[in-house]
Amino acid sequence: MTTILGIETSCDETSAAVVVDGVHVRSNIVASQVDLHAKYGGVVPEIAARAHIERLDAVIEEAMAVAAVTKTDIDAIAVTNRPGLVGALLIGVTAAKTLSWVWGKPLVAVDHIRAHAYSPAIGLEEPPWPAVGLIVSGGHTSLFLIHSPTSIELLGATTDDAAGEAFDKVATILGLGYPGGPLIEKIAREGDPKAIDFPRTMALRNDRSLHRSRAVKLTDSLDFSFSGVKTAVLYHVHGHGRVSGGLEKLSSPQIADIAASFQQAVIDVLVRKTMLAVARTGVRTVVLGGGVAANKALRSALEAACVERRLNFHAAKMAYCTDNAAMIAALGYHQLKAGVIAGLDVDAYASAL
Ligand code: KG4
Ligand code: ZN
């Protein structure tokens, strides 16, 4: 039995968790900072870092108390060291280094996006790999071919906005508040997803194998672009050439239709590209993770596409969609087993691996 303490401070959630053998979550404490950032309409990096400093000790203590473990039970400390807000990441990394040194336990540095990619496996009896992973968060939208927890290949990624970022920006355009994803999902339930035909952008960027072939079709790329649909919503609300003033003219049912149609456009692209990745790789399992994976309409649409093609489908449990330390401890276990240990000189980085 290998017990890992996980620490996550990459953005606006202060989280610590205790996970056994990479799948059994003994505790997962998440202190959200949503209330601190809401009035600014987005995450303020300095406020996030300061709140992590104030809360992390208590969050770690609670995670260990709930799991009923002491330092002697902990085999290693896993911490997110990329990607994220560097000031925020440094708080978790510094705490993890300190505990590693004082307790004499190995330190494991975990990539946050790869942890999101692993998160659908938490709690499963059998590992789901190999799988195509759709990872949709506020900072990233990526398709991976996951061979194993420690062997992950990037198939495609967004060329501009992440899916969650588009949800957040469209929520701002519609005057719904922050964070936008859950608010759009809620109001979309009242609207008609077919009311407005927003663009389904099929981006093409750095898919080198396709560039080499002669018949390059935009629909063949595994990259994403969500800035176009966001701008289409902006124009729909305010009209071309105008920057504000349209929202007051819209009724609540009209706003609900816009939210539902926007959500459907994003989901259509995510599902189509994921199925393209399945066809391209021949893999028979699809996994879904990241903050936007909490969206029930996306979960059911992707599940339906998988059922239709007789593919296995595993979405991360709701508690492991938005940022959490359980996924960091869980992937940290596999890195520890593979001997991927960090030194006390490990740094924090804004970019993904
Ligand atoms: O994974 P996450 O917690 O943080 C990052 O790593 O970025 O993802 C946060 C993102 C935000 O953009 C938020 O609006 C979005 O996930 N999100 C949702 C839902 N819940 C959170 N988007 C759509 N529907 C939801 N229910
Ligand atoms: Zn995340």
Side-chain angles (χ1 to χ4, degrees), residues 6-15 17 28 30-34 37-38 41-43 45 48 79-85 88-89 92 110-120 122 133-142 144 157-158 160-174 176-189 191 193 224 226 229-230 259-260 262-267 269-271 288-302 315-328 330-331 350-353:
I7 297 175
E8 156 64 42
T9 62
S10 68
C11 191
D12 60 344
E13 323 276 11
T14 312
S15 183
N28 182 40
V30 182
S32 171
Q33 301 177 8
V34 162
H37 303 286
V43 177
V79 64
T80 310
N81 80 319
R82 69 191 316 160
L85 304 167
L89 285 165
V110 175
D111 178 286
H112 179 89
I113 304 303
R114 284 162 193 247
H116 273 305
Y118 178 80
S119 66
I122 297 175
L134 173 66
I135 307 310
V136 268
S137 73
H140 292 80
T141 298
S142 310
F144 291 103
T158 185
D160 41 53
D161 290 355
E165 192 180 351
F167 269 89
D168 293 337
K169 288 177 176 168
V170 164
T172 304
I173 295 169
L174 297 180
L176 299 177
Y178 165 87
L183 296 166
I184 296 255
E185 176 174 24
K186 186 160 172 255
I187 192 173
R189 281 189 218 121
F224 300 92
F226 292 109
V229 65
K230 172 197 69 188
F262 158 77
Q263 179 174 278
Q264 194 57 52
V266 171
I267 290 175
V269 172
L270 292 173
V271 172
L288 172 67
V292 185
N295 187 288
K296 295 202 180 64
L298 170 61
R299 293 168 88 91
S300 0
L302 196 55
K317 292 197 174 64
M318 293 301 261
Y320 312 131
C321 288
T322 45
D323 291 347
N324 66 89
M327 66 182 188
I328 305 302
L331 181 54
S351 62
L353 269 173

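Whatever order the structure lists ligands and atoms in, that order sets their numbers, starting from 1.
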(request) Report the nearest protein non-hydrogen atom to atom 17 (N) of ligand 1: residue, atom name, distance rounded to 0.1 Å. (result) G291 O, 3.5 Å
(message) Quick test: of every protein heavy atom, which one is nearest to atom 24 (N) of ligand 1, and how far off is it to 0.1 Å?
(response) N295 ND2, 3.0 Å
(message) For atom 18 (C) of ligand 1, tell me which residue out of A316, G181, A297 has the closest non-hydrogen atom.
(response) G181
(message) Can you report which non-hydrogen protein atom sits closest to atom 10 (C) of ligand 1, along with the distance?
(response) G138 N, 3.4 Å
(request) For the Zn ion (ligand 2), find the closest N/O/S atom on H116 and give its atom name. (result) NE2
(message) Which atom name does D323 have for its N/O/S atom nearest to the Zn ion (ligand 2)?
(response) OD1
(message) With heavy-atom distances below 4.0 Å as the criterion, list the atoms of ligand 1 near G164.
(response) 12 (O)
(message) Would the distance check show the side chain of E185 and the main-chain N or O of K296 forming a donor-acceptor pair, the cut-off being under 3.5 Å?
(response) yes
(request) Report the distance from atom CD of E8 to atom CD1 of I328, rounding to the nearest 0.5 Å. (result) 5.0 Å
(message) Within this structure, what is the NE2-NE2 distance for the pair H140 and H112, rounded to the nearest 0.5 Å?
(response) 8.5 Å
(request) Rounded to the nearest 0.5 Å, what's the gap from CD1 on I187 to CG on L174? Could you check? (result) 7.0 Å
(request) Starting from atom 26 (N) of ligand 1, locate the nearest protein heavy atom and write down its residue, its atom name and how far away it is, to 0.1 Å. (result) E185 OE1, 2.7 Å
(request) Tell me, please: is G139 in heavy-atom contact with ligand 1, that is, under 4.0 Å? (result) yes
(request) For H116 and ligand 1, answer yes if some heavy atom of the residue is under 4.0 Å from a ligand atom, otherwise no. (result) yes
(request) Determine, using heavy atoms of H112 and all atoms of ligand 1, whether some pair is separated by less than 4.0 Å. (result) yes
(request) Determine yes or no for a side-chain-to-main-chain donor-acceptor pair under 3.5 angstrom, with D12 supplying the side chain and V43 the backbone. (result) no
(message) Quick check: do F226 and V170 have side-chain heavy atoms less than 4.5 Å from each other?
(response) no
(request) Taking all heavy atoms of F144 and all of A117, pick out the closest pair and write down the distance. (result) CD1-CB, 4.3 Å
(message) Within 2.8 Å of the Zn ion (ligand 2), is there any N, O or S atom belonging to C11?
(response) no
(request) Check for a donor-acceptor pair, side chain of R82 on one end and backbone N or O of S10 on the other, with a separation under 3.5 Å. (result) no
(message) Can you check which of D161, V266, D12, D168 brings a heavy atom nearest to atom 11 (C) of ligand 1?
(response) D168
(request) Name the closest protein heavy atom to atom 3 (O) of ligand 1, giving the residue it belongs to and the distance to 0.1 Å. (result) D323 N, 3.0 Å
(message) Please check: side-chain N/O of S137 versus main-chain N/O of G290, any donor-acceptor pairing under 3.5 Å?
(response) no
